[in-house]
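Have a look at the structure below before the remarks.
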Amino acid sequence: MISSDAKVLLIYTGGTIGMVENIETGALEAFDFSHLKSNVPEMKRLRFSVDTYLFDPPIDSSEVNLHNWIAMAKVVENNYDKYDGFVILHGTDTMSYTASVLSFMFENLTKPVILTGSQLPIGKLRTDGKENLITALEIAADKYEDGRPVVPELCVYMQNLLMRGNRTTKINADNFSAFNSPNYAYLAEAGLNIKYHDKFILNPDYDKPVCFNYELDNNVAILKLFPGIQPSLVEAVLTMPGLRGVVLETFGSGNALRDYWFIDLLDTALKNGIVVVNVTQCLYGNVEMHRYGTGQHLERLGVVSGHDITTEAALTKLMSLLGNNKEYDDIRHLMSISLRGEMS
């Protein structure tokens, strides 16, 4: 399904895939991106055109911020009509955050935008970077006979798996299989051939243009509950100056403590216009606040159910909705429904 006239833009933002080991310190450091093609001669055998765009200096993914996300989105927008697909090389540590936020910044995406990277630098003998890069490029170039892309959405490709970007989370720092899509099926699996699971892939409206939304608000926080959590910690988070949204990581199917001080702090925050979204700390499963009494009181207070959304997607979705100045009730409603396939 790869067309010989396909054009893909490879965007290097940084990450382990483009690093070399400093012989003296043992630390990984960025190297000249022009070395990439010399380390991946297989790129010359691709049956389509690949151009490159380099972020200079490269971004360490642990330092990625809103300005970097906007810059990445701008590169895609500025080149959207010139290419059939895009591959973004990115560090794995925050790849799920970037994939999630870009999915909300791109509305009605009609072309593939694939994030990939590696656990070992591209120059290492056992690197996973070569396969990740080559296959991500092929997926970005894949089109049907009518010219439409096979995967017109924001994805993460790592270790033979193509996943919806806003459904992913990093689960392993040591293995090549670093990412998973806990509550949604894989979009494709790469073996001897690339097997696409069409019924799970988003279908955009090709009669409408893609919209790029750049307004983000980072006056948000993640509050992870744990047994014995101190009132002072919860108060410090919920009374942060300028706070507008909170991702509340609860137990099991959305349960939380019922101590009076916790309920009072949460109730005050909600009455002050702070949007609170309930997500589970469990890797798999769904928030169902009505199931137990410890979840029902959150629902009565006005906490929004995040259903099976990941923490990364919930946080970046809040940033996007708050940045676009939606009304409080609208944000609460939009956080409870799927906008880009981020929840079931």
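Model, not experiment: these values are computed from the prediction. Sequential numbering from 1 along the given sequence is applied to the chain's residues.
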Look at the side-chain heavy atoms of Ile, Leu, Val, Met, Phe, Trp and Tyr, link any pair under 4.5 Å apart, and say whether [X] and [Y] land in one connected group.
X: W261; Y: M240; answer: yes
X: V151; Y: Y144; answer: yes
X: F86; Y: F104; answer: no
X: I263; Y: F226; answer: yes
X: L202; Y: V76; answer: no

May I ask you to check whether [X] and [Y] show a side-chain donor-acceptor distance below 3.5 Å?
X: S103; Y: E342; result: no
X: S96; Y: T169; result: no
X: T250; Y: N278; result: yes
X: T239; Y: E235; result: no
X: S177; Y: N175; result: no
X: Y12; Y: D56; result: no
X: Y284; Y: N180; result: yes

Under 3.5 Å, is there a donor-acceptor pair between the side chain of N272 and the main chain of I274?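 No; zero donor-acceptor contacts below 3.5 Å.
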
Looking at D308, is its backbone amide N or carbonyl O close enough to the side chain of N286 to form a donor-acceptor pair, meaning the two atoms are under 3.5 Å apart?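 It does hold such a pair.
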
Could you tell me if K111 sits above the aromatic ring of Y80, with its cationic atom closer than 6.0 Å to the ring centre and no more than 45 degrees from the axis?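 Here K111 passes the 6.0 Å and 45° test against Y80.
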
Going through the distances and angles, do M72 and H90 end up as a side-chain contact (heavy atoms from CB on, under 4.5 Å)? CA-CA 11 Å; M72 294 177 202; H90 192 287; 3.8 Å; yes

Does a sphere of radius 6.0 Å around CD in Q281 hold more than 12 heavy atoms from other residues, nucleotides or ligands, not counting ones at 6.0 Å or beyond?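 Yes, because the 6.0 Å sphere around CD of Q281 holds more than 12 heavy atoms from other groups.
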
V8 and side chain to side chain contact (heavy atoms under 4.5 Å, CB included): which single residue from I139, V87, D51 fits?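 Option passing the side chain to side chain contact (heavy atoms under 4.5 Å, CB included) with V8: V87.
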
Member of V75, I88, V50, T52 meeting the side chain to side chain contact (heavy atoms under 4.5 Å, CB included) criterion with L9: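 One option only clears the test, and that one is V75.
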
Worked check of side-chain contact (heavy atoms from CB on, under 4.5 Å) between T168 and M95: CA-CA 9 Å; T168 62; M95 186 181 290; over 6 Å; no

Sole candidate of F212, W69, Y214 that passes ring-ring contact (aromatic ring centres under 6.0 Å, His included) when paired with F106: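 Going through F212, W69, Y214 one by one, the ring-ring contact (aromatic ring centres under 6.0 Å, His included) with F106 is satisfied by F212 alone.
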
Taking NZ, NE, NH1 and NH2 as the nitrogens, is one of them in K326 or D217 under 4.0 Å from a carboxylate oxygen of the other?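 The answer is no: the pair does not qualify as a salt bridge.
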
